[in-house]
Amino acid sequence: MGQRVYNILFNLHTVSGIVISVALYVIFFAGSFSFFRDEIVAWERNEQALNEDNLPQDIDQILTHLDEKYVLEGRDVNLKTYYAERAIAVNLSASKDSLAPEKAKQAAFFYIDPVSLEEQSYTDAYSLGEFLYRLHFFAQIYYPVGYYLSGFVAFFFLFAIITGVLVHWKKIVSNFYTFRPWAKLKTLWTDAHTALGILGLPFQFILAVTGAFFMLKALLVAPIVLSLYHGDQAQLYKDLEYDIPVYEFTDQPIQALPSINTYIEKTQQEWKNYDLNEVAIHNYGDANMQVTLNGKLDYQSKFNAPGSIVYTPATSEQRIVKDPYQPASYLDAVKNVMFRLHFGDYGGYFLRVISFILGILSCIVIISGVLIWLVTRDRKNLPEKKRKFYNRVARIYMAICLSMYPVTAAAFIAVKVNQGAGQSFLYWFYFLLWAVLSVFLILKKDLKYMSDFCLLSGGILALLIPICNGIFSQAWFWQTFAQGHVQIAFIDVSWIVLAIISFFAFAKSKKSKTKLAYK
């Protein structure tokens, strides 16, 4: 590689990295916690999930309750579990029966607890796990701006990864084994940036590709619709299997309502290790009532095995739409594999813990990149005005990024103290505290103080989290482990580990004589 090409790639890597650094840090930090979204929800509500990410076996009980309250006749009813949490999502269409009572003519969406049958709206059921999950793709920003922003950040991160590999290609092996913590600042941050960057390279590449795919696919649809489908968007969605089937409503009542539980038991007997996550009922109570069961084989049986079957109660017919024991289609392979690679949920706790660690290491790579950029530009031969500008930018970047740790820990405590707070409380608490703490750290004008403060405060708050859970929810982690509530206990133990690591890092930082104060 010629020197000119090297310089171009190096500058492209630096510019693309520094521009997206803060947004990328937020994505990785919040995304790392999102690997345990379901555990955070279970911990916050003190509710262990009943069947991982499966629907409960007794669907008839839920339908009976919904029929008494909402009158289901003539409606399309959809019961679905999106995550490994106890509550399930209920989507009711307006009734197609012209003689249906007024309350049946209104659509509804809410969450229901299959045990207590308690209902909650989306905003009331909004949890800290959901908040962090959505924060990692900026869903809190006005739709679709946040989605596109996170998608472009992922795209430019992919660009930064490729240029970084090309820049370090000749020394990629030797640099990986080089780490000089007692050398000058630039050398220290460069070694950390290179070594950790190479270590997390496959992980970062996968997340960059899949993240860009998810968030920018809407922009890719438009040219495809125009060029290949001649503007027929409905046909595209049909080919991608995103369309919802339409069944004619005959306005003739069915002789007897079927037992959905029976269909579930029959399907699971035929398809061993079948995880059911959606029941879609069309034309409830009508002669043309259709019951669709959607799910998959568990990952230990087969990695990519979607299964879908349709039952027609009036004729006792069944039609297999997707057989999980047959080879998956190319479309299913692409859609499912992309999701599974991004979420890392196919390998149990081990894979998610590894993904969390790699996510946090990626945050360190981002921070070290900002510090390299700062140290490189903090030279005496540069005009004082430029040096101050670079220092100010770095302080702002670092304050916003580092303050996420104590703010996130504080949010865990807040949702325990103010249980069932909902979406509004989380927004105000998290973003306001984040803004105040960021401004405070920016005004301190000392990068070492920033890191020490965030490590110490984050460690203290992290240690208080399991204590608050024990006090306010009467759920001490040794008790929840003994009860088999692994989801709840896992969060408490994880925060204890993070607290220990934070205190250790703080102790090492206090002993360090490295000066990081920039005025």
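Residue numbers count from 1 along this sequence.
For an aromatic pair to be called close, the ring centres must be under 6.0 Å apart, and Trp43 with Phe490 fails this. Between Phe343 and Phe35, the gap from one ring centroid to the other reaches at least 6.0 Å. Taking the ring centroids of Phe356 and Phe33, they lie under the 6.0 Å cut-off. Residues Phe429 and Phe431 keep their aromatic ring centres 6.0 Å or farther apart. For an aromatic pair to be called close, the ring centres must be under 6.0 Å apart, and Phe155 with Phe159 fails this.
Taking OG from Ser127 and CZ from Arg37, the interatomic distance works out to 5.0 Å, rounded to the nearest 0.5 Å. Atom OG in Ser362 sits 13.0 Å away from atom CZ in Phe29 (nearest 0.5 Å). Leu374 contributes atom CG, which lies 12.0 Å from atom OH of Tyr397 (distance to the nearest 0.5 angstrom). Ile161 contributes atom CD1, which lies 12.0 Å from atom CG of Leu166 (distance to the nearest 0.5 angstrom). Distance check: Asp492 CG to Ile465 CD1 gives 8.5 Å after rounding to the nearest 0.5 Å. Here the CE atom belonging to Met215 is positioned 9.5 Å from the OG1 atom belonging to Thr210, to the nearest 0.5 angstrom.
Ion pairing between Arg352 and Asp345 fails under the 4.0 Å rule for side-chain N and carboxylate O.
Checked by atom type and distance alone, the side chain of Tyr111 never pairs as donor or acceptor with a backbone atom of Ala125 at under 3.5 Å. Checked by atom type and distance alone, the side chain of Tyr274 pairs as donor or acceptor with a backbone atom of Gly295 at under 3.5 Å. Remark: side-chain polar atoms of Ser509 are not paired, donor with acceptor, to backbone N or O of Ala505 under 3.5 angstrom. Between the side chain of Trp434 and the backbone N or O of Ile400 there is at least one donor-acceptor pair closer than 3.5 Å. Of the possible donor and acceptor atoms, one in the side chain of Gln140 sits under 3.5 Å from a partner among the backbone N and O of Phe131.
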request  = List the steps and the verdict of side-chain contact (heavy atoms from CB on, under 4.5 Å) for Glu130 and Tyr83.
outcome  = CA-CA 10 Å; Glu130 180 76 358; Tyr83 310 104; 4.1 Å; yes

request  = Mind running salt bridge (charged side-chain N to carboxylate O under 4.0 Å, His left out) on Lys416 and Glu44 for me, showing each step along the way?
outcome  = CA-CA 7 Å; Lys416 274 299 172 182; Glu44 180 181 346; over 6 Å; no

message = Evaluate Phe477 against Ile496 for side-chain contact (heavy atoms from CB on, under 4.5 Å), listing each step before the verdict.
response = CA-CA 10 Å; Phe477 66 88; Ile496 293 173; 3.6 Å; yes

message = Let's go through Phe412 and Ile491 carefully: what are the C-alpha distance in whole Å and the side-chain angles of both, what is the deciding distance for side-chain contact (heavy atoms from CB on, under 4.5 Å) to 0.1 Å, and is it a yes or a no?
response = CA-CA 10 Å; Phe412 274 78; Ile491 296 299; 4.0 Å; yes

request  = Determine, step by step, whether Met398 and Ile367 satisfy the side-chain contact (heavy atoms from CB on, under 4.5 Å) criterion, reporting the C-alpha distance in whole Å, the side-chain angles of both residues, the deciding distance to 0.1 Å, and the verdict.
outcome  = CA-CA 7 Å; Met398 295 291 286; Ile367 290 295; 3.6 Å; yes

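A cation-pi arrangement is present between Lys296 and Tyr299, with the terminal nitrogen or guanidinium carbon under 6.0 Å from the aromatic centre and inside a 45° cone about the axis.
Considering every non-hydrogen atom in both Gly359 and Phe203, the closest pair reads N-CE2, 3.6 Å. The shortest heavy-atom contact between Pro306 and Ala328 is CD-CB, 4.4 Å. Here the shortest heavy-atom pairing between Leu358 and Gly200 reads CD2-CA, 4.3 Å. Contact detail for Ala212 and Ala154: the closest heavy-atom pair is N-CB, 3.6 Å.
Counting non-hydrogen atoms of other residues, nucleotides and ligands closer than 6.0 Å to CZ of Phe205 gives a total of 12 or fewer. When the shell of 6.0 Å around CZ of Phe440 is examined, it contains more than 12 heavy atoms from other residues, nucleotides or ligands. Atom CZ of Phe506 sits in a crowded spot, with more than 12 heavy atoms from other residues, nucleotides or ligands closer than 6.0 Å.
Annotation: side chain of Asn391 is in contact with side chain of Arg395 (closest heavy-atom distance under 4.5 Å). Residues Thr81 and Asn277 meet the side-chain proximity criterion, which asks for heavy atoms closer than 4.5 Å. Between Glu278 and Leu79, every side-chain heavy-atom pair lies at or beyond the 4.5 Å cut-off. Using a 4.5 Å heavy-atom cutoff, the side chains of Phe339 and Phe214 are in contact. Using a 4.5 Å heavy-atom cutoff, the side chains of Leu441 and Cys454 are in contact. Leu463 has its side chain out of reach of Trp495: every pair of non-hydrogen atoms, C-beta onward, lies at least 4.5 Å apart. Side-chain contact check for Arg86 versus Arg45: every heavy-atom pair is 4.5 Å or farther apart. Residues Leu207 and His342 form a side-chain contact, since some pair of their non-hydrogen atoms from C-beta on lies under 4.5 Å apart.
For Thr408 and Tyr430, the side-chain atoms include at least one donor-acceptor pair closer than 3.5 Å. In this structure, a donor-acceptor pair under 3.5 Å is present between the side chains of Tyr405 and Ser502. Side chain to side chain, Asn294 and Ser308 meet the donor-acceptor criterion of an N or O pair below 3.5 Å. Donor-acceptor pairing under 3.5 Å is recorded for the side chains of Tyr349 and Glu39. Between the side chains of Gln487 and Asp38, no donor N or O sits under 3.5 Å from an acceptor N or O.
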